[in-house]
Peer 1: 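Encoded as structure tokens, here's the structure I'll be asking about.
All values below were derived from every heavy atom in this structure, side-chain atoms included, with hydrogens, water molecules and symmetry-related copies excluded.
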Amino acid sequence: QVQLVESGGGSVKTGGSLKLSCAISTPGATRSAMGWFRQGPGKEREFVAAISASGGSTRYADSVKGRFTISKDSALNTAYLVMNSLILEDTAGYYCAARDVPSTGGGAASGYDYWGRGTQVTVSS
């Protein structure tokens with residue numbers, strides 16, 4: 001199966017930025033759409049952003065639209081999530097996901113087939 005490893009999490013002040021990376025170990029991942037989800041303390045996992053296999057289309061949750069940017073570099077076999085203007089509500093474990101479909105995924109976690117182990121993002125004032 002596709003193996004995903006997230007990195008880039010850490011602690012940041014409100015208004016700051018972080019860039020998350022998702023390394024993909026399987027060559028076939030270039031044909032897979034990808035997404036980012038997050039799960040805060042005591043909350044359910046929620047959709048953040050998604051991108052098609054080609055990188056040509058994206059989708060964002062309303063809560064992060066205009067602040068976060070998802071991208072994909074097929075040459076490096078890596079997906080990214082650039083997070084700007086971070087707020088306290090962004091504190092969560094962030095999980096990279098992939099699915100065996102090239103089209104951009106929706107907001108349902110069940111639409112994805114593979115998951116990384118997560119990377120923690122903590123925002124403080």
Peer 1: Decide yes or no for L88 and T14: does some side-chain heavy atom of the first lie under 4.5 Å from some side-chain heavy atom of the second?
Peer 2: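 Contact flag for L88/T14 side chains = yes.
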Peer 1: Looking only at heavy atoms, what is the nearest atom pair of S21 and T78, with distance?
Peer 2: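 It is CB-CG2, 4.2 Å.
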Peer 1: With rounding to the nearest 0.5 Å, note down the distance linking CG in L86 to OG in S124.
Peer 2: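 L86 atom CG to S124 atom OG measures 10.5 Å (nearest 0.5 Å).
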Peer 1: Measure the OG-CG distance between S11 and L18 for me, rounded to the nearest 0.5 Å.
Peer 2: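 The distance works out to 8.5 Å.
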Peer 1: Would you say that T91 contacts Q120 through its side chain, given a criterion of any heavy-atom pair below 4.5 Å between the two side chains?
Peer 2: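 Sidechains of Q120 and T91: in contact.
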Peer 1: Using the rule that Ile, Leu, Val, Met, Phe, Trp and Tyr join whenever any side-chain heavy atoms are under 4.5 Å apart, tell me whether I70 and Y112 fall into a single cluster.
Peer 2: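 No, because I70 and Y112 fall into different hydrophobic clusters, even though each may have its own neighbours under 4.5 Å.
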Peer 1: In Å, rounded to the nearest 0.5 Å, how long is the span from OG of S54 to NZ of K72?
Peer 2: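 NZ of K72 is found 8.0 Å from OG of S54.
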Peer 1: Can you name the nearest heavy-atom pair linking N84 to S17, along with the distance?
Peer 2: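 Residues N84 and S17, closest heavy atoms: OD1-OG, 2.8 Å.
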Peer 1: Quick one: closest heavy-atom pair of G105 and A50, and the distance?
Peer 2: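 Smallest heavy-atom distance, with atoms named: O-CB, 3.5 Å.
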Peer 1: What are the two closest heavy atoms between A49 and L81, and how far apart are they?
Peer 2: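 The pair with the smallest heavy-atom distance is CB-CD1, 4.2 Å.
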Peer 1: According to ring pair (Phe, Tyr, Trp, His ring centres under 6.0 Å), who are the partners of Y95, at least two apart in sequence or on a separate chain?
Peer 2: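 Result, ring pair (Phe, Tyr, Trp, His ring centres under 6.0 Å) vs Y95: none returned.
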Peer 1: Look at the side-chain heavy atoms of Ile, Leu, Val, Met, Phe, Trp and Tyr, link any pair under 4.5 Å apart, and say whether Y114 and I24 land in one connected group.
Peer 2: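 Y114 clusters together with I24.
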Peer 1: Is the shortest heavy-atom distance from the side chain of I51 to the side chain of T104 under 4.5 Å?
Peer 2: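 No. Closest side-chain heavy atoms not under 4.5 Å.
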Peer 1: With side chain to side chain contact (heavy atoms under 4.5 Å, CB included) as the test, would you mind laying out the steps for S57 and S52 before giving the verdict?
Peer 2: CA-CA 6 Å; S57 65; S52 62; 3.4 Å; yes
Peer 1: So, do T122 and V12 sit near enough that their side-chain heavy atoms are less than 4.5 Å apart?
Peer 2: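 Contact flag for T122/V12 side chains = no.
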Peer 1: Are the ring centres of F47 and Y60 closer than 6.0 Å?
Peer 2: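 Distance test on ring centres: not under 6.0 Å, no.
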Peer 1: Are F37 and V121 connected in a single hydrophobic cluster, I mean Ile/Leu/Val/Met/Phe/Trp/Tyr linked by side-chain heavy atoms less than 4.5 Å apart?
Peer 2: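 Unlinked, V121 and F37 end up in two clusters.
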Peer 1: Give, for atom NZ of K65 and atom OG1 of T58, the distance between the pair rounded to the nearest 0.5 Å.
Peer 2: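 That separation rounds to 9.5 Å.
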Peer 1: Where do D113 and D100 come nearest, in terms of heavy atoms and distance?
Peer 2: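 D113 and D100 have their closest heavy atoms at OD2-N, 2.8 Å.
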Peer 1: Going by the rule ring pair (Phe, Tyr, Trp, His ring centres under 6.0 Å), which residues pair with F68 if we only count those two or more places apart in sequence or in a different chain?
Peer 2: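 For F68, no residue satisfies ring pair (Phe, Tyr, Trp, His ring centres under 6.0 Å) once neighbours in sequence are set aside.
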Peer 1: So do M34 and C96 actually touch side chain to side chain, heavy atoms under 4.5 Å?
Peer 2: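 They are in contact (side-chain heavy atoms under 4.5 Å apart), so the answer is yes.
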Peer 1: Would you compute the distance between atom CH2 of W36 and atom CE of M83 and round it to the nearest 0.5 angstrom?
Peer 2: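 Interatomic distance, W36 CH2 to M83 CE, rounded to 0.5 Å: 8.0 Å.
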Peer 1: Working to the nearest 0.5 angstrom, can you tell me the gap between E89 CD and K43 NZ?
Peer 2: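 Taking CD in E89 and NZ in K43, the distance rounds to 8.0 Å.
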Peer 1: Is any side-chain N of the basic residue among E6 and R117 closer than 4.0 Å to the acidic one's carboxylate O?
Peer 2: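 Not counted as a salt bridge, because no side-chain N and carboxylate O are separated by less than 4.0 Å.
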Peer 1: Quick one: is the NZ or CZ of K19 closer than 6.0 Å to the six-membered ring centre of Y80, and within 45° of its axis?
Peer 2: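 Yes, a cation-pi geometry.
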Peer 1: So which atom in S63 and which in R38 form the shortest heavy-atom distance, rounded to 0.1 Å?
Peer 2: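 Heavy atoms only, the tightest pair is OG-NH2, 3.6 Å.
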Peer 1: Determine, using the 4.5 Å side-chain heavy-atom cutoff (strictly less than), whether V123 and Y94 are members of one ILVMFWY cluster.
Peer 2: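 Yes, one cluster joins them.
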Peer 1: Sequence neighbours excluded, which residues qualify as salt bridge (Lys or Arg N to Asp or Glu O under 4.0 Å) partners of R67?
Peer 2: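 By the salt bridge (Lys or Arg N to Asp or Glu O under 4.0 Å) rule, R67 matches D90.
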